[in-house]
Amino acid sequence: MVVINIPQPTVSVTPLDVDTRMTALRKMLEIRLTEEKIQEMFLANLIRGTTHLCIGQEGVSTGVASALRKGDTVTCTYRGHGHALALGMSVKAMIAEMMGKTSGCCKGKGGSMHMTDASIGLLGANAIVGAQLPIAVGAALTASMKNTGAISVTFFGDAATNIGAFHESLNLASVWKLPVIFVCENNRYGEYSPQHWTTPVENLSVRAASYNIPGVTVDGQDVETVHAEFKVAAERARAGEGPTFLEMKTYRYLGHSRTDTGPYRPPGELDAWKERDPILLLKVKMIADGQLDEVEFGELRDAAERHVAEAVEWAKQEPYPTEADLLTDIFYEG
Amino acid sequence: MVVINIPQPTVSVTPLDVDTRMTALRKMLEIRLTEEKIQEMFLANLIRGTTHLCIGQEGVSTGVASALRKGDTVTCTYRGHGHALALGMSVKAMIAEMMGKTSGCCKGKGGSMHMTDASIGLLGANAIVGAQLPIAVGAALTASMKNTGAISVTFFGDAATNIGAFHESLNLASVWKLPVIFVCENNRYGEYSPQHWTTPVENLSVRAASYNIPGVTVDGQDVETVHAEFKVAAERARAGEGPTFLEMKTYRYLGHSRTDTGPYRPPGELDAWKERDPILLLKVKMIADGQLDEVEFGELRDAAERHVAEAVEWAKQEPYPTEADLLTDIFYEG
Amino acid sequence: MPVLTYREAVRNALADEMRADENVVFFGEDVAAAGGVFKTTPGLQEEFGSKRVRDTPISEEAFIGAALGAAITGLRPVAELMFADFIPVAMDQIVNQIAKYRYMSGGQFMVPLTIRSAQGGGVGFGTQHSQTAENWLLNTPGLKIVLPGTPVDAYGLLRGAIRENNPVIVLEHKGLYNLKGEVPDDTGVLELGKAKVVRAGRHVTVVGAQLMVHRALEAAETLAKDGIEVEVIDLRTLAPLDTATVLESIKKTGRLVVVEEAPHTSSWGGDLASLAADEGIYYLDAPVKRVNMGRAMFAYSEPLETLAIPSVERITAAIRETAYTQ
Amino acid sequence: MPVLTYREAVRNALADEMRADENVVFFGEDVAAAGGVFKTTPGLQEEFGSKRVRDTPISEEAFIGAALGAAITGLRPVAELMFADFIPVAMDQIVNQIAKYRYMSGGQFMVPLTIRSAQGGGVGFGTQHSQTAENWLLNTPGLKIVLPGTPVDAYGLLRGAIRENNPVIVLEHKGLYNLKGEVPDDTGVLELGKAKVVRAGRHVTVVGAQLMVHRALEAAETLAKDGIEVEVIDLRTLAPLDTATVLESIKKTGRLVVVEEAPHTSSWGGDLASLAADEGIYYLDAPVKRVNMGRAMFAYSEPLETLAIPSVERITAAIRETAYTQ
Ligand SMILES: Cc1ncc(C[n+]2csc(CCOP(=O)(O)OP(=O)(O)O)c2C)c(N)n1
Ligand SMILES: Cc1ncc(C[n+]2csc(CCOP(=O)(O)OP(=O)(O)O)c2C)c(N)n1
Ligand SMILES: [Mg+2]
Ligand SMILES: [Mg+2]
């Protein structure tokens with residue numbers, strides 16, 4: 001049997017108010033159902049290339065987004081659909097992007113790995129492991145120089161903590177005391193390699209000590225814990241006290257990408273994690289607190305499903321870019 | 001007044017036998033006098049480009065070299081003359097190289113920043129900060145795969161611990177449990193920037209924890225301490241227990257390179273360090289132990305001086321490469 | 001005659017060299033236990049053990065540099081950079097270290113090292129996972145660069161690369177992994193640096209590599225119906241470039257079209273045009289044409305990606321224009 | 001007319017842009033307190049404060065990426081990479097991120113970012129500290145690349161670069177920092193992308209940049225004595241390349257020599273030869289010659305470095321040969 005170590009909160013985790021909980025639940029369902037649909041579309045050849053889904057990890061993006069303010073910025077990875085939706089990207093813009101349509105968030109020029117929407121602070125998902133961290137440091141530099149009070153968040157995986165850009169970014173952010181929160185989504189695998197093959201420490205948060213910044217290991221499956229731990233880091237950052245490294249323990253239910261079926265998982269691991277599903281955990285709390293019942297939950301789920309299905313139907317009708325779009329958006333002309 | 005914190009040894013430091021001490025003393029004098037001569041030649045335009053001298057840091061290279069065996073390999077930095085001489089490069093080969101002569105250790109194709117001599121295990125000095133670390137990891141991979149019992153040593157500066165290659169190399173060496181000793185010569189400055197401007201931790205050895213390897217801060221001015229601490233790491237490595245990170249606290253007396261006069265030093269700092277000069281410390285011990293007197297020391301110094309002067313005169317007469325050498329040594333033909 | 005996919009050819013070449021020389025070691029991200037993301041290396045770890053075939057952490061600068069350190073101390077490493085777009089992540093080790101290591105040491109070291117990577121577009125991987133990489137590297141002396149375009153070349157050239165006592169970058173084309181072709185049983189090590197005339201013709205010389213050669217061959221087929229006899233040259237190795245074979249062909253046809261799956265600027269296509277404009281100039285009967293991506297990027301959206309990469313139609317049109325110029 | 005060194009021109013341009021726009025920030029290794037290793041930026045931190053002018057840790061990937069993040073969120077960063085040989089260390093950020101960021105987002109961002117760096121050989125810094133860097137970058141769309149060769153261009157083009165709402169790489173030549181030249185008081189922002197005919201002539205067109213232009217001018221002076229009138233073009237910007245000016249000149253002279261301080265392969269020299277072989281072909285009266293480093297590396301030893309980099313003599317000989325070809 002696989003036993004999951006649940007990190008204990010380092011701050012007091014008070015229940016979020018019912019509206020915030022409901023918003024988080026809806027958001028997580030939207031992410032979940034969008035991702036399921038994307039997988040379906042990918043297998044049906046409606047989406048080309050590759051796609052990296054975040055099913056199982058919705059608690060992290062949703063919990064973090066719930067603690068952000070307007071003006072805050074985010075960079076993330078190719079596994080970025082959850083972050084984009086949590087920040088407020090429309091399912092339509094996302095699906096259209098994935099289909100390479102002009103009405104996609106990046107006019108079809110980004111694709112699954114590059115979800116970007118400046119208007120919601122999403123500065124870009126990145127397909128090069130680690131490359132989004134320096135960019136987030138730069139966004140924090142702007143916030144710091146312009147005294148906007150904004151923070152910069154960057155999401156990355158466990159395996160990304162082995163690349164040079166991770167190290168350099170944490171160091172630079174610390175030296176310049178910039179308002180960046182480094183959020184590691186430790187889903188235990190980098191592609192097909194379990195963490196311990198590539199990374200000689202178990203809790204990645206220990207790496208924060210190299211930069212003299214706080215490092216916290218967080219239960220990434222409990223959206224309220226994520227919210228609470230993140231909030232403390234955000235407040236430090238907004239107060240000019242510099243960066244924090246948060247390691248969110250989480251799990252991806254699907255393969256790394258495309259058709260990976262996850263043969264590398266120990267038996268039982270997936271099931272054990274599913275018992276700590278972020279949607280389930282919040283649902284159970286809300287039911288226990290009398291804020292939700294199974295019927296209502298079913299309705300929320302159905303609504304999300306319809307919403308996603310509508311977006312897909314809409315996106316299918318949208319136009320593709322044409323030759324006129326080939327050389328645009330490379331340089332700003334003016 | 002500047003107070004220097006002297007790291008306490010973490011292992012018992014027993015006095016080296018008199019022969020080893022004498023060899024170390026001679027070697028340090030050779031390095032010191034060679035470097036002084038190089039500076040002179042540089043200012044007299046006999047050496048072009050730039051040069052980075054290690055005066056004040058001789059204890060580290062000499063102490064490490066005294067614990068190496070044949071077959072061990074070393075990579076180091078542009079500030080590598082001390083390492084080369086400590087490993088046994090001749091002053092002639094070094095000076096000729098610096099003058100761009102064919103009888104230089106690299107046929108004049110390397111220069112001051114690239115001292116290399118495969119025959120003594122010196123795999124190369126490197127002019128790109130951090131680049132020598134991965135190369136040392138590779139040499140350790142060979143040792144490990146071929147079970148040679150050899151170890152791989154790599155020298156780098158304090159400021160180099162902020163670059164990605166440092167992080168990636170320690171991580172990879174740890175995961176593969178390779179026999180590498182990472183020797184950081186913390187001379188308190190990266191070019192003209194004091195450590196605390198660029199690096200948010202004081203003892204760089206704390207960074208070893210990120211890779212789950214031992215990290216030790218060492219008094220780099222006492223050649224016997226360097227020897228003792230290094231030896232423990234070397235034994236671990238030879239026994240297959242993996243890498244160690246040693247931070248040697250040391251100091252460079254001259255500027256970073258060329259004509260830098262070190263305006264960034266706090267007043268008194270240089271003098272305080274000179275009181276802990278590695279040659280002086282060993283000399284004082286040897287005198288106290290009745291192994292040396294001032295006259296003998298003066299003779300050693302003079303001998304080294306003559307040796308260096310002869311090498312320079314010789315090198316001046318050596319020929320330069322010609323057009324026939326332009327395209328050789330790029331590819332191995334055969 | 002045995003038919004293999006390009007993917008299988010890569011695997012067999014690596015396996016055969018590992019059998020032939022115990023100093024050959026192979027590592028990269030997810031190449032060992034999982035057999036590579038493009039499934040080019042399944043079963044190697046089983047056969048050669050977890051010391052000779054290793055998975056690495058995501059740290060390209062470190063493991064490419066480690067390949068260099070291993071190469072100069074007695075191993076013959078093959079390192080995989082999953083996508084050629086990651087070459088920039090390890091660029092310092094490749095252009096400043098690997099390419100220069102022998103030279104800077106005055107010839108003290110051999111650097112028998114191979115880096116394999118998957119490049120090229122057309123499969124919808126987007127802007128950061130589709131690029132061709134050769135032009136980042138070709139201006140740096142000290143590297144050999146190989147671009148196999150068929151299974152037999154993938155097999156023979158990879159073996160040749162691994163045997164080389166110099167650094168070789170083998171850029172496989174990810175759009176060709178499923179391509180099938182004959183790999184005769186006696187295919188051994190192919191010599192690097194030799195272009196191949198893959199279709200003989202009298203009227204126009206077309207030069208390319210990998211996917212572009214296949215498209216050029218299609219174009220040639222079409223044009224043959226109109227009586228235009230196209231000579232198609234597959235360069236196969238870009239450094240060193242086999243200019244003799246190209247020049248020979250120019251002398252015969254007097255017309256040159258260079259086709260590249262890359263932007264127009266600062267690429268090997270310019271060097272071939274430059275060859276024609278210098279040594280070839282007295283043979284030229286028409287302007288030298290280049291078909292490439294111009295100023296476009298590899299795009300995600302299918303119509304844009306299709307427009308960006310030279311198509312059979314664009315290649316055909318350029319050859320036709322060149323052929324009819326007086 | 002005020003005479004400045006190239007080094008002073010760089011400093012003044014940066015200072016003037018920092019005065020003009022408070023969003024301009026500047027950082028790099030030892031650029032602030034120490035004023036840069038080439039002393040190009042002394043006094044800027046004093047004038048603009050330690051927030052706008054910063055020293056960075058040695059972490060090129062991080063601070064170049066940070067420049068990108070800052071550029072897309074409202075600053076106008078200028079980052080210094082001390083030696084252009086370190087571009088490979090930050091290569092991923094430059095070619096995969098900075099060059100593509102606007103494109104991948106479908107045009108959501110402007111990327112008003114300048115990277116300054118010192119390149120070029122001739123001063124004995126050895127193989128890893130002498131390279132010219134443009135050909136690592138030119139095959140990647142999305143970057144503008146500027147190579148000023150005189151004080152007035154160093155001043156005006158750096159100002160132009162900083163004002164650009166696109167990423168610009170300004171490669172200064174470290175062998176030119178002491179060069180003096182007139183920088184008229186009314187020199188303002190120079191437009192990027194314009195080559196300059198720095199000497200008019202009827203017989204042969206010589207194209208180059210930076211140190212090579214100065215050497216070409218010397219060669220032209222010598223050849224003038226023999227009645228050969230050389231037209232010398234300083235490209236100044238390599239991306240976008242001002243092909244119109246070069247073509248115009250080829251039409252006039254019918255002869256082209258391209259001079260580069262770089263190895264022969266996969267460089268912009270090939271693109272100019274290719275321009276001549278395509279659009280210029282009917283005007284050519286002689287083979288297009290290229291003078292460059294061939295297959296040589298930047299060497300440490302003085303005689304080798306001198307042999308590697310095109311000398312006035314080699315340039316003169318190539319022009320003469322071209323001029324006399326019928
Ligand atoms: C520099 C670089 N190296 C390798 C890859 C290929 N790659 C994409 S995702 C991935 C694994 C990343 O794992 P992790 O950081 O844990 O994030 P996760 O995918 O689990 O969210 C790898 C190796 C890449 N995109 N970029
Ligand atoms: C990648 C890279 N960045 C910057 C430089 C320029 N540089 C050379 S030495 C140096 C300072 C290094 O300091 P440290 O690592 O402490 O070593 P030290 O010189 O003090 O021995 C710098 C910034 C370089 N050579 N390589
Ligand atoms: Mg992961
Ligand atoms: Mg230092």
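Side-chain atoms are counted along with the backbone in the values below, which use heavy atoms only and exclude waters and symmetry mates. Chain letters run A, B, ... following the sequence lines, proteins first, then strands; residues in each count from 1.
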>> Less than 4.5 Å to any heavy atom of chain D: does that hold for the side chain of C:Ala99, its backbone, both, or neither?
In response: backbone
>> Below 4.5 Å, heavy-atom pairs only: which of C:Ala299, C:Pro88, C:Gly280 has the largest tally toward chain D?
In response: C:Pro88
> Quick one: side-chain contact (heavy atoms from CB on, under 4.5 Å) partners of C:Ala66, sequence neighbours excluded?
Replying inline: B:Val137, B:Leu172
>> Test of understanding: with side-chain contact (heavy atoms from CB on, under 4.5 Å), list the residues that count as partners of D:Ile281, not counting sequence neighbours.
In response: C:Leu284, C:Pro287
>> Under a 4.5 Å cutoff for heavy-atom pairs, which residue among D:Ala286, D:Pro263, D:Gly142, D:Pro240 has the most contacts with chain C?
In response: D:Pro263
All inter-chain donor-acceptor pairs under 3.5 Å (chain C, chain D):
residue	atom	partner	partner atom	Å
C:Asp85	O	D:Asn96	ND2	2.8
C:Asn96	O	D:Gln128	NE2	2.9
C:Asn96	OD1	D:Gln131	NE2	2.9
C:Asn96	ND2	D:Asp85	O	2.8
C:Gln97	OE1	D:Gln128	NE2	3.1
C:Lys100	NZ	D:Gln131	OE1	2.9
C:Gln128	NE2	D:Asn96	O	2.9
C:Gln128	NE2	D:Gln97	OE1	3.1
C:Gln131	OE1	D:Lys100	NZ	2.9
C:Gln131	NE2	D:Asn96	OD1	2.9
C:Asn135	OD1	D:Ser266	OG	2.9
C:Asn135	ND2	D:Asn139	OD1	3.4
C:Trp136	NE1	D:Thr140	OG1	3.1
C:Leu138	O	D:Thr265	OG1	2.6
C:Asn139	OD1	D:Asn135	ND2	3.4
C:Asn139	ND2	D:Pro263	O	3.0
C:Asn139	ND2	D:Thr265	O	2.8
C:Thr140	OG1	D:Trp136	NE1	3.1
C:Pro263	O	D:Asn139	ND2	3.0
C:Thr265	O	D:Asn139	ND2	2.8
C:Thr265	OG1	D:Leu138	O	2.6
C:Ser266	N	D:Asp271	OD2	2.5
C:Ser266	O	D:Ser266	OG	3.1
C:Ser266	OG	D:Asn135	OD1	2.9
C:Ser266	OG	D:Ser266	O	3.1
C:Asp271	OD1	D:Arg290	NH1	3.0
C:Asp271	OD2	D:Ser266	N	2.5
C:Ser274	OG	D:Arg290	NH1	3.0
C:Ala277	O	D:Val288	N	2.9
C:Asp278	OD1	D:Lys289	NZ	2.7
C:Asp278	OD2	D:Lys289	NZ	3.4
C:Val288	N	D:Ala277	O	2.9
C:Lys289	NZ	D:Asp278	OD1	2.8
C:Arg290	NH1	D:Asp271	OD1	3.0
C:Arg290	NH1	D:Ser274	OG	3.0

> Checking D:Ile145 against chain C: side chain, backbone, both or neither under 4.5 Å from a heavy atom?
Replying inline: neither
> Looking at D:Ala296 and C:Pro141, what are the two nearest heavy atoms and their distance?
Replying inline: O-CG, 3.6 Å
> Does D:Ala67 have any side-chain contact (heavy atoms from CB on, under 4.5 Å) partners at least two apart in sequence or in another chain, and if so, which?
Replying inline: D:Phe27, D:Pro77, D:Ala79, D:Leu113
